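Please read all numbers here as calculations on a predicted model, not as lab measurements. One-based numbering, in listed order, for ligands and for the atoms of each.
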Amino acid sequence: MRKIMKVQIEGVLENQSLARAISAAYAGEADPTMEEIIEIKTAVSEAFSNACIHGYKECTGDVYMEFGFIGRDTLMIKISDKGVGIENIALAMEPLFTTDKGHNRSGMGFTVMESFMDRIKVDSKVGEGTTVTLIKKLDTYYDI
Ligand SMILES: Nc1ncnc2c1ncn2[C@@H]1O[C@H](COP(=O)(O)OP(=O)(O)OP(=O)(O)O)[C@@H](O)[C@H]1O
Ligand SMILES: [Mg+2]
């Protein structure tokens with residue numbers, strides 16, 4: 001893992017655009033295409049908003065983001081909260097599954113992350129929190 005960067009951001013939805021911008025700036029090290037940047041920002045948005053809305057319910061905790069490159073072309077972004085955690089990860093990741101039906105959630109966040117990333121991994125413990133790891137191989141290499 002190279003070029004590691006760790007960021008702690010207050011987990012409020014107002015900071016979603018900041019989380020997106022930071023991710024785009026970091027990914028920019030590898031000179032990605034515009035399409036790749038949009039995909040990365042979209043996936044990060046979904047994970048970040050999940051941490052705020054579901055992890056912390058009232059958006060009352062910090063979100064931890066960790067960035068790194070595996071090799072010279074594969075981007076890794078970890079997005080963690082210390083919130084309520086997920087009881088059944090496989091179920092939570094199913095398309096259209098949401099625990100938040102009253103609030104216009106569509107249950108498509110994980111599906112969006114999966115479609116834009118090469119791999120996503122979810123680790124979670126009830127009462128302890130959740131970490132979503134996003135992995136994407138980019139078309140270009142970062143310059144050492
Ligand atoms: N960080 C998290 N902490 C606790 N629960 C989570 C977290 N992320 C997701 N979940 C659970 O997984 C479910 C599915 O998440 P997903 O992002 O796919 O859909 P959603 O957030 O409900 O709706 P959408 O993202 O489409 O607005 C959520 O409804 C929630 O129950
Ligand atoms: Mg969501």
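- When only non-hydrogen protein atoms are considered, atom 1 (N) of ligand 1 lies nearest to Asp81 OD2, 2.8 Å.
- One finds the CG atom of Leu96 at 7.0 Å from the OG1 atom of Thr111 (value rounded to the nearest 0.5 Å).
- Checked by distance only, ligand 1 and Met108 come closer than 3.5 Å through their nitrogen or oxygen atoms.
- Contacts of Glu46 with ligand 1, taken as heavy-atom pairs under 4.0 Å, involve the side chain alone.
- For atom 8 (N) of ligand 1, the nearest non-hydrogen atom of the protein is Asn50 CB, 3.3 Å.
- In Thr98, the parts holding a heavy atom less than 4.0 Å from any atom of ligand 1 are both the side chain and the backbone.
- The shortest N or O to N or O distance between Ser106 and ligand 1 is under 3.5 Å.
- Ion pair Asp73/Lys137 flagged as a salt bridge, since at least one NZ, NE, NH1 or NH2 atom sits closer than 4.0 Å to an Asp/Glu carboxylate oxygen.
- Going from atom NZ of Lys125 over to atom OG1 of Thr131 covers 11.5 Å, rounded to the nearest 0.5 Å.
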Worksheet item: Can you list the steps and then say if Phe69 with Leu75 is a side-chain contact (heavy atoms from CB on, under 4.5 Å)?
Response: CA-CA 5 Å; Phe69 281 101; Leu75 175 68; 4.1 Å; yes

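- Atoms of ligand 1 lying under 4.0 Å from at least one heavy atom of Phe97, given by number and element, are 14 (C), 19 (O).
- From the protein, the heavy atom lying nearest to atom 24 (P) of ligand 1 is Gly107 N, 3.6 Å.
- Protein heavy atom closest to atom 20 (P) of ligand 1, with residue, atom name and distance, is His54 NE2, 3.6 Å.
- The closest approach between Pro95 and ligand 1 stays at or above 4.0 Å for every heavy atom of the residue.
- Distances from atom 2 (C) of ligand 1 to the heavy atoms of Cys52, Ala92, Gly55 show the closest one on Gly55.
- With values rounded to the nearest 0.5 angstrom, Ile37 atom CD1 is found 11.0 Å from Ser23 atom OG.
- With 2.8 Å as the limit, Met108 does not count as an N, O or S neighbour of the Mg ion (ligand 2).
- Geometrically, Lys82 engages Tyr64 in a cation-pi contact defined by less than 6.0 Å to the ring centre and at most 45° from the axis.
- Summary of contacts: the protein heavy atom closest to atom 27 (O) of ligand 1 is Arg105 NH1, 2.9 Å.
- Put simply, OG on Ser124 and NE2 on His54 are 12.0 Å apart, with the number rounded to the nearest 0.5 Å.
- Ligand-side atoms of ligand 1 in range of Ala51: 1 (N), range being under 4.0 angstrom from any heavy atom.
- For atom 30 (C) of ligand 1, the closest non-hydrogen atom of the protein is Thr99 OG1, 3.4 Å.
- For the atom pair Ile53 CD1 and Arg105 CZ, the distance stands at 3.5 Å (nearest 0.5 Å).
- Annotation: atom 16 (P) of ligand 1 to nearest protein heavy atom, Gly109 N, 3.6 Å.
- Under the 4.0 Å criterion applied to side-chain N and carboxylate O atoms, Glu36 and Lys136 are not assigned as salt-bridge partners.
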Item to complete: Under the side-chain contact (heavy atoms from CB on, under 4.5 Å) rule, what do Thr74 and Ile135 come out as? Steps first, then yes or no, please.
Response: CA-CA 7 Å; Thr74 302; Ile135 292 176; 3.6 Å; yes

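- A distance of 14.5 Å separates NZ in Lys41 from CZ in Phe48, rounded to the nearest 0.5 Å.
- Considering only non-hydrogen protein atoms, atom 10 (N) of ligand 1 sits nearest to Ile86 CD1, 3.8 Å.
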